[in-house]
Amino acid sequence: MGTNPQTMAWILDEYSKFHGYSPAVVTGKPVDLGGSVGREAATGRGVVYATEALLKDFGKHIADQTFVIQGFGNVGSWTARLLCEKGGKVLVVSDATGAVQNPCGIDVPGLIRHHQNTGGVKGFSGCIDTDPNSVLSEPCDVLIPAAIGGVLTRENAHDVRAKFVVEAANHPTDPDADEILAKRNIIVLPDVYANAGGVTVSYFEWVQNIQGFMWEKHKVSTTLETYMTNAYKDLKEVCKSKNCSYRMGAFCLGIDRVARATVLRGWGA
Ligand SMILES: NC(=O)C1=CN([C@@H]2O[C@H](COP(=O)(O)OP(=O)(O)OC[C@H]3O[C@@H](n4cnc5c(N)ncnc54)[C@H](O)[C@@H]3O)[C@@H](O)[C@H]2O)C=CC1
Ligand SMILES: O=C(O)CCC(=O)C(=O)O
């Protein structure tokens, strides 16, 4: 958060001054300096693939759902843009400058232009300004926190009026809120899966850097879609077999993979 490809270019440059040109040492670089095409959009794109997989499982589609998004930086704006392209209706968007609302669906490309011109979402002419403090309790099908951590707490989890929470930000839901949302049958898709599109394309960037062979945009997007869709299937299977939440399932899956690799290396008891 608060960084961009320019920041990663400085890290690359500083490291390379001491160790020689080493593009694979940092990811999220500008494409002109060995970054991957598609990395900028990757986290939002991954959030959308994850949301699509979740909704499909519940017999729903992005095109018939409404969305509220907190945060309109890299992750929030790409998520909004791609949801909109798939026919989803984004009702409310907020950022550090304020919040905007349009019950008929926000013109996301217009909001992106307004954001580029003014540095925030506040005052966008296609919407009405609304209270940023009530964003998490706005009625919608899917609530997407895509800003800072710790925003869903025991103080406000009772007020959430979404059916699904897709964690695009890192740890937006604290453990108390997680419990409250579960009791209220609100499905939470955890950050460890939902926002993994970013780190996945960072992995693709690293692969491209060490191979010295850059991929085309289509390959990045389609490979990411395969990873996110397969990961959802694996996650769902664990949740079913253990009768647990998506968060618990994701942790079980991750820990089990590390444990298996550890035992295979001869570290077993
Ligand atoms: N950029 C990436 O590839 C990934 C980012 N994430 C997580 O996603 C979240 C967002 O990251 P980015 O979009 O990259 O950051 P960013 O710096 O591009 O954007 C952050 C956004 O949050 C807004 N914001 C800050 N404080 C706020 C508040 N109190 N209420 C509402 N909005 C607020 C800012 O105005 C801005 O729109 C962070 O939690 C980050 O850790 C997770 C995985 C990958
Ligand atoms: O790009 C990466 O390697 C990590 C991105 C990520 O997961 C984050 O910003 O939290």
Side-chain angles (χ1 to χ4, degrees), residues 1-9 11-12 23-31 34-51 68-82 90 92-101 106 108 111-112 114-124 129-138 143-153 155-156 165-174 189-209 220 224 227-228 231 250 254:
M1 205 171 140
T3 63
N4 60 25
Q6 178 63 74
T7 325
M8 304 310 158
I11 295 171
L12 165 69
V25 78
V26 61
T27 58
K29 300 179 293 294
V31 173
S36 177
V37 288
R39 174 62 187 87
E40 198 203 322
T43 308
R45 194 178 289 285
V47 169
V48 172
Y49 290 146
T51 306
V68 167
I69 303 176
Q70 183 188 50
F72 204 65
N74 173 280
V75 180
S77 65
W78 273 104
T79 300
R81 176 172 164 172
L82 297 169
V90 180
V92 182
V93 165
S94 74
D95 69 4
T97 68
V100 291
Q101 180 175 40
I106 295 174
V108 176
L111 182 60
I112 290 172
H114 172 83
H115 185 275
Q116 279 162 354
N117 294 335
T118 67
V121 299
K122 196 176 171 185
F124 174 49
D129 282 339
T130 186
D131 178 9
N133 297 316
S134 63
V135 163
L136 299 171
S137 54
E138 290 290 343
L143 173 64
I144 307 186
I148 53 177
V151 293
L152 286 166
T153 64
E155 272 78 45
N156 62 11
V165 174
V166 175
E167 294 187 333
N170 278 318
H171 53 82
T173 313
D174 77 13
L189 202 56
D191 51 3
V192 66
Y193 164 65
N195 72 25
V199 74
T200 302
V201 175
S202 278
Y203 162 64
F204 298 164
E205 183 174 330
W206 175 79
V207 168
Q208 294 170 70
N209 290 157
V220 173
L224 175 62
Y227 272 57
M228 293 303 294

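These numbers come from the heavy atoms of this one structure, side chains and all, not from hydrogens, waters or symmetry mates. Remember, it's a predicted structure, so these values are computed and weren't measured experimentally. First listed ligand is number 1; within each ligand, the first listed atom is number 1.
- No side-chain N or O of Asn4 forms a donor-acceptor pair with one of Asn74 less than 3.5 Å apart.
- Considering backbone and side-chain atoms together, Gly2 places an N or O closer than 3.5 Å to an N or O of ligand 1.
- At the shortest separation from atom 1 (O) of ligand 2 among protein heavy atoms lies Ser202 OG, 2.6 Å.
- Heavy-atom minimum distance, Thr118 versus Gly120: OG1-O, 3.0 Å.
- A distance-only check finds a donor-acceptor pair linking the side chain of Thr153 to the backbone of Glu155 [under 3.5 Å].
- Of all protein heavy atoms, the one closest to atom 35 (O) of ligand 1 is Ala96 N, 2.9 Å.
- Annotation: His115 places no N or O atom under 3.5 Å from an N or O atom of ligand 1; distance criterion only.
- Relative to atom 42 (C) of ligand 1, the option among Thr27, Ile69, Asn195 with the closest non-hydrogen atom is Asn195.
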* Asked: So Val165 and Leu152, side chain to side chain contact (heavy atoms under 4.5 Å, CB included) or not? Walk me through it.
  -> CA-CA 10 Å; Val165 174; Leu152 286 166; 4.1 Å; yes
* To do: Could you walk me through whether Val201 and Arg45 pass side chain to side chain contact (heavy atoms under 4.5 Å, CB included), step by step?
  => CA-CA 10 Å; Val201 175; Arg45 194 178 289 285; over 6 Å; no
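- Using a 4.0 Å cut-off to heavy atoms of Ala168, the atoms of ligand 1 that qualify are 7 (C), 8 (O), 42 (C).
- Under 4.0 Å from ligand 2, not a single heavy atom of Asn195 appears.
- Scanning the protein for heavy atoms near atom 9 (O) of ligand 2, the closest one is Asn170 ND2, 4.4 Å.
- Under a 4.0 Å heavy-atom criterion, His171 is not in contact with ligand 1.
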* Can Tyr193 and Met228 be said to form a side chain to side chain contact (heavy atoms under 4.5 Å, CB included), step by step? -> CA-CA 8 Å; Tyr193 164 65; Met228 293 303 294; 3.6 Å; yes
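- Atoms of ligand 1 lying under 4.0 Å from at least one heavy atom of Ala146, given by number and element, are 9 (C), 10 (C).
- Between Ala99 and Val135, the shortest heavy-atom distance links the atoms CB-CG2, 3.8 Å.
- The residue from Arg39, His171, Met1 that puts a heavy atom closest to atom 5 (C) of ligand 2 is Arg39.
- Interface of Phe72 with ligand 1, defined as ligand atoms under 4.0 Å from a residue heavy atom, comprises 37 (O).
- Between the side chain of Glu167 and the backbone N or O of Asp191 there is at least one donor-acceptor pair closer than 3.5 Å.
- With respect to atom 25 (C) of ligand 1, the closest heavy atom belonging to the protein is Met1 CE, 3.7 Å.
- Close contacts between ligand 1 and Ala147 involve ligand atoms 9 (C), 10 (C), 22 (O), 23 (C), 24 (N), 32 (N), 33 (C), 38 (C), 39 (O) [criterion: under 4.0 Å to a heavy atom].
- In terms of polar-atom proximity, defined here as any N/O pair under 3.5 Å, Ser94 makes no such contact with ligand 1.
- Nearest protein heavy-atom contact of atom 18 (O) of ligand 1 is Asn74 N, 2.9 Å.
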* Verdict with supporting geometry, His114 and Val100, side chain to side chain contact (heavy atoms under 4.5 Å, CB included) -> CA-CA 12 Å; His114 172 83; Val100 291; over 6 Å; no
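- Compare Leu136, Thr200, Thr43, Asp95 by their heavy atoms: the one nearest to atom 31 (C) of ligand 1 is in Asp95.
- Protein heavy atom nearest atom 28 (C) of ligand 1, with residue, atom name and distance: Ile148 CD1, 4.1 Å.
- A distance of 8.0 Å separates CD1 of Ile69 from CD1 of Ile106, quoted to the nearest 0.5 Å.
- Summarising the contacts of atom 21 (C) of ligand 1 with Gly197, Gly73, Ala169, Gly46, the nearest heavy atom is found in Gly73.
- When the heavy-atom distances from atom 13 (O) of ligand 1 to Val135, Val75, Val93, Asp191 are ranked, the shortest goes to Val75.
- For Val151 against Pro145, the heavy-atom pair with the smallest separation is CG2-CB, 4.2 Å.
- Given atom 30 (N) of ligand 1, the protein heavy atom at minimum distance is Gln70 NE2, 4.0 Å.
- When the heavy atoms of Asn4, Val199, Asn133, Asn170 are ranked by distance to atom 41 (O) of ligand 1, first place goes to Asn170.
- Using bins of under 30°, 30° to 60° and over 60° for the plane-to-plane angle, the ring pair Phe204/Tyr227 lands in the perpendicular bin.
- Ranking the protein heavy atoms by distance from atom 7 (O) of ligand 2 puts Val199 CB, 4.1 Å first.
- Taking the six-membered ring for Trp, Phe72 and Phe124 have ring centres at least 6.0 Å apart.
- The heavy-atom pair separating Ala146 from Val75 by the smallest distance is CB-CG1, 4.3 Å.
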